[in-house]
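Please read the structure below before turning to the comments.
Values below: every heavy atom of this structure, side chains too, minus hydrogens, waters and symmetry copies. In what follows, every chain begins at residue 1, and chains take the letters A, B, ... in the order their sequences are listed.
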Amino acid sequence: MSPQHTPGAHRPPKPQRVLACVLCQQRKVKCNRKFPCDNCIKSKAQCVPASQLPRQRRRRFPERELLDQLHKYEDLLRSNNISFEPLQKDGTRAHESANVESGDDLDMEQSRCTNASTPSTSVTAAQPTRWETRDLWHMMRQGFRDPEDSDSESSREDVGEIAIRIAWDQSCLNDDCLLFGVRQTAVNLTTMHPETTHIFKLWQLFLDNVNSLFRVVHVPSLQGRIIEAIGDMNSLSPVLEALLFSIYSMAVLSLTAHECLMAFGSSKKDLLAKYQLGCQQALVNSGFLRTSDRECLTALFLYLVSVSTSTDPRALSSMLGLAIRLAQRMKIDTEAACVASGVLEGEMRRRLWWALVLLDARVSQIADYKSQTLTPTWDCRVPSNVNDADLRLEMKNPPAIHGQPTEAITCVVRSELGDFIRNCTWHLNHTAPNLKVIARKLSSIPQGLNMESGEVLGLENMIEDKYLQRCDPDNPLHFMIIWETRQFIAKCHLMQIYSALASTSPTTAVSNLDAVVPYAIHMLECDTRIMTSPLTKRYRWTANYNFPAPGYMHLAECLGRRPLSEHADQAWEVMSDNCEARFAHSFLDRGPFFEMLTRLVFHAWTAREAVAAQSGEAVEPPRIVTKLKNVMHQKDQVVGPPSTELLAEGLIAGTSDIPPRMAMGLGERNGFVAPEIGDPYDFPVHTSLRADMNFLDWAAMDWVTGTGQPSAWNDYIYSK
DNA sequence: ACAATCGGACTCTCAATAGT
DNA sequence: CTATTGAGAGTCCGATTGTA
């Protein structure tokens, strides 16, 4: 009810409001406001005048708690796959709840986890609550806070953090040379930038070939700053300079050696070396080891991707560990901090965090190190399916989620897959069983299936319905994510079954391996589609990341054991198709894939020939065997092994872009595959299985030394 | 019958927000 | 800057309950 204001009249200064005495207030009776009042006199009570309470700050949305409660129940419905009509379909919720505190009970934690993976209702649907751990400073600030002034808590927190940061900054520790060597002041970075037209060209290449996959750069806001910066390169901020050099590096990396020469008149190797050095220098100038600047971390991330093809994965894994630690200090792994940093910044932080985590998980596997990053211990939400243009700096409310694929489709789907892996039972069973209690319950398990196989099918249904079915197969980006995802899911099926077989008897395990063959075949088919399509040309620099090594290994193992199995002919066909597709783009020439492939394929073919010899049957070798034999023969014609320089050029120039273990996505554990990103890279294999797989002893192969000559393979093949 | 309790409709106040 | 809004603070009617 609105108050009745007396219009017009000049009011005398308001007399102090006299309140009913405490007893009358308590009794809810009329007080005559004399002290002592009639009621107190009558009841012979002490009459105490009441004092006005300081008015609390009005809460903008008093129904907020109710809304939160409602959203919690909606999340539970959602996580249990019960259909309902959500209260809000727009993205208003997260903004409202940005500063809401909630309980710490397990239910809430779980519903938060659910939020983290279900961005369908709102952009920042996650409850930014007390998921994050508290540090010492935080706890001390909590102790001194004014209980009546809850609103100022966050600002005081900021002040405290700033004070600590300033204190460290003022201590003037010279830590710049901890990595990347001593600052080379002699090198003037302004001279290392490309000419203006080349900057634009590199920027465009970066947007098309790289950023469309990662979306770690917000194009509308950065583009203007780059144009502005080009006007006066001398006054570039160190962070923007680092970002620029990382963009140049990635743009160059995404080209083939020939394309690079045509576009810029310099070799890919030279340009990469120059821009990577520039990036190192600019990162040092930015004080990147103590940075809190998201863009500085983005530059470091892009730099690491750009060197990933020429770096030992163990070294790269260590550097990624550093980047992850920087990210954690900046709290970009924490949803509450992402929400608090604003709509645009929060979204960019989420994209960067997932990009870092996914790369780290992948590289850790390759480096044969069990990363603990892809686990349910943090709550950064999966990035939202929105276009960059939907995100503006001044935004207060998150934009509506698109139902159709947006520019961010690859980073959204890849993050969804990563989010699945970090919560799924069969992954946690052997990576971090103790974390299963905090893992989000994965929804949409089809009826009649056990949890583990159901999880993968549930993921497959969800991803297909929510994303892939809505993609346009003629759109290069969509085409790429469709087949990359299907390959990944086939691999998940493969790994899940391996995981399940680990707890069965050796005989059962081996006999069941045939059941997995269709998934291995599908993996290769997906990869062949990517490799043979003209649509994916601009993304071919990532091809090594998707090499279907687990598929090859499984097929070769099964063909070696049962050369005449029902899937044998089909398996040889898909392997031949994939091999040809990969050779067509030189990804197998001289490179590590070749060495791995020859081992696998000849092992399987030897078994097939042995069977044929027993029955006196003449068999025609499949295309893949012929192809590999021809290449082997040609290699023998070459005088000496490929030189280190040639190999390095080949590696850098994209003919075989990735160093041996990196390229394969393999670890060496038990001589068997450590699958690619997000996979259980430490899954147990039966001892009997292991013994039989020892022929695939990757560690024994002379990948790196001896310029990649397959010494083990040579011994094997020539002893025949 | 009277006193005490208390649900809840109502009024008042003023911070937040909209409008100029 | 003023006007408006509406949430929160405060008031107290009157139904209900307790007690002598």
Legend entry - For Arg294(A), salt bridge (charged side-chain N to carboxylate O under 4.0 Å, His left out) partners two or more places apart: Glu345(A)
Legend entry - Those residues that, when tested against Glu241(A), pass salt bridge (charged side-chain N to carboxylate O under 4.0 Å, His left out) (two or more places apart): none
Inset, instruction - Output every pair passing side-chain hydrogen bond (donor to acceptor under 3.5 Å, both in side chains) with a member in residues 205-219 of chain A, not counting sequence neighbours, ordered by first then second residue. - result: Gln204(A)-Asp208(A), Asn209(A)-Ser254(A), Arg215(A)-Asp388(A), Arg215(A)-Glu407(A), His218(A)-Ser221(A)
Legend entry - Atom-to-atom span, CD of Gln26(A) to P of dC12(C) - whole angstrom: 16 Å
Inset, instruction - Tell me what Cys24(A) touches on the nucleic acid: a base, only sugar-phosphate, or nothing, going by heavy atoms under 4.0 Å. - result: nothing
Legend entry - Any residue of residues 32-43 of chain A with a heavy atom less than 4.0 Å from an atom of DNA chain C: Arg33(A)
Legend entry - Test log, rule ring-ring contact (aromatic ring centres under 6.0 Å, His included), inputs Tyr248(A) and His193(A): CA-CA 9 Å; Tyr248(A) 307 151; His193(A) 287 276; 5.7 Å; yes
Inset, instruction - Establish, with yes or no, whether the OP1 or OP2 oxygen of dT11(C) is under 4.0 angstrom from a side-chain nitrogen or oxygen of Gln25(A). - result: yes
Legend entry - Sequence-distant partners of Phe206(A), ring-ring contact (aromatic ring centres under 6.0 Å, His included), two or more places apart: none
Inset, instruction - Between protein and nucleotides 14-20 of chain C, map the contacts as a letter string: B base, S sugar-phosphate only, - none, heavy atoms under 4.0 Å, written 5' to 3'. - result: B------
Inset, instruction - Please identify each residue that fulfils ring-ring contact (aromatic ring centres under 6.0 Å, His included) with His402(A), with sequence neighbours left out. - result: none
Inset, instruction - Figure out the NZ/P separation between Lys30(A) and dC10(B), and round it to whole Å. - result: 17 Å
Inset, instruction - Mind checking salt bridge (charged side-chain N to carboxylate O under 4.0 Å, His left out) for Arg225(A) and listing every partner two or more places apart, or none if nothing turns up? - result: Glu295(A)
Inset, instruction - Would you please name every residue forming a salt bridge (charged side-chain N to carboxylate O under 4.0 Å, His left out) with Arg329(A), sequence neighbours left out? - result: none
